[in-house]
Chemist: 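Could you have a look at this structure, given as structure tokens, before my questions?
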Amino acid sequence: MNTKRYILASFCVFLFIFVYEWIFHGIFLKETYLATASLWRPEGQSLMGVMFLAKILFAFIFGFI
């Protein structure tokens with residue numbers, strides 16, 4: 001296995017996931033999230049760090065496949 005290609009592919013997958021979710025959740029669904037803000041966790045209790053690590057792990061697994 002070519003390690004450079006694997007890391008580059010994993011980085012590209014992570015970048016695609018990050019940009020896609022930013023566009024989908026940050027732009028298209030923003031109004032919906034603002035309208036239902038009372039249903040969501042407070043920002044201090046969010047699990048964004050865990051989700052970020054999950055995206056990185058998924059990108060490396062997807063790049064391996």
Side-chain angles (χ1 to χ4, degrees):
M1 175 193 308
N2 189 344
T3 307
K4 283 185 178 181
R5 286 181 60 193
Y6 170 63
I7 292 174
L8 180 62
S10 298
F11 177 74
C12 290
V13 169
F14 173 76
L15 189 63
F16 173 79
I17 292 170
F18 191 79
V19 170
Y20 176 78
E21 287 188 0
W22 174 72
I23 290 170
F24 188 73
H25 293 284
I27 295 174
F28 293 134
L29 293 178
K30 183 177 183 178
E31 297 299 322
T32 305
Y33 290 149
L34 290 175
T36 59
S38 62
L39 301 174
W40 301 101
R41 292 182 184 195
E43 201 165 320
Q45 293 181 352
S46 70
L47 301 172
M48 292 305 293
V50 174
M51 291 304 295
F52 188 76
L53 291 175
K55 288 178 194 176
I56 291 173
L57 180 64
F58 177 78
F60 276 96
I61 291 170
F62 192 83
F64 184 75
I65 292 172

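Start at 1 with the first residue, then count along the sequence. Please read all numbers here as calculations on a predicted model, not as lab measurements.
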Chemist: Can you list everything that forms a side chain to side chain donor-acceptor pair (under 3.5 Å) with Thr36? Sequence neighbours excluded, please.
Modeler: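 Here the qualifying residues are Trp40.
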Chemist: If Ile, Leu, Val, Met, Phe, Trp and Tyr residues are connected whenever their side-chain heavy atoms lie under 4.5 Å apart, and connections chain through other members, are Phe64 and Phe60 in the same group?
Modeler: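 Yes; Phe60 is reachable from Phe64 via cluster members.
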Chemist: Tell me whether Phe52 shares a hydrophobic cluster with Ile7, the cluster being built from Ile, Leu, Val, Met, Phe, Trp, Tyr side chains joined at under 4.5 Å.
Modeler: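 Yes, same cluster.
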Chemist: May I have the list of side-chain donor-acceptor pairs in residues 10-27 shorter than 3.5 Å, sequence neighbours left out?
Modeler:
unit_1: Ser10; atom_1: OG; unit_2: Tyr6; atom_2: O; d: 2.9
unit_1: Glu21; atom_1: OE1; unit_2: Lys55; atom_2: NZ; d: 2.6
unit_1: His25; atom_1: ND1; unit_2: Tyr33; atom_2: OH; d: 2.6

Chemist: How many angstroms lie between CD1 in Ile61 and CD1 in Ile56, if you round to the nearest 0.5 Å?
Modeler: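 Here the rounded value is 12.0 Å.
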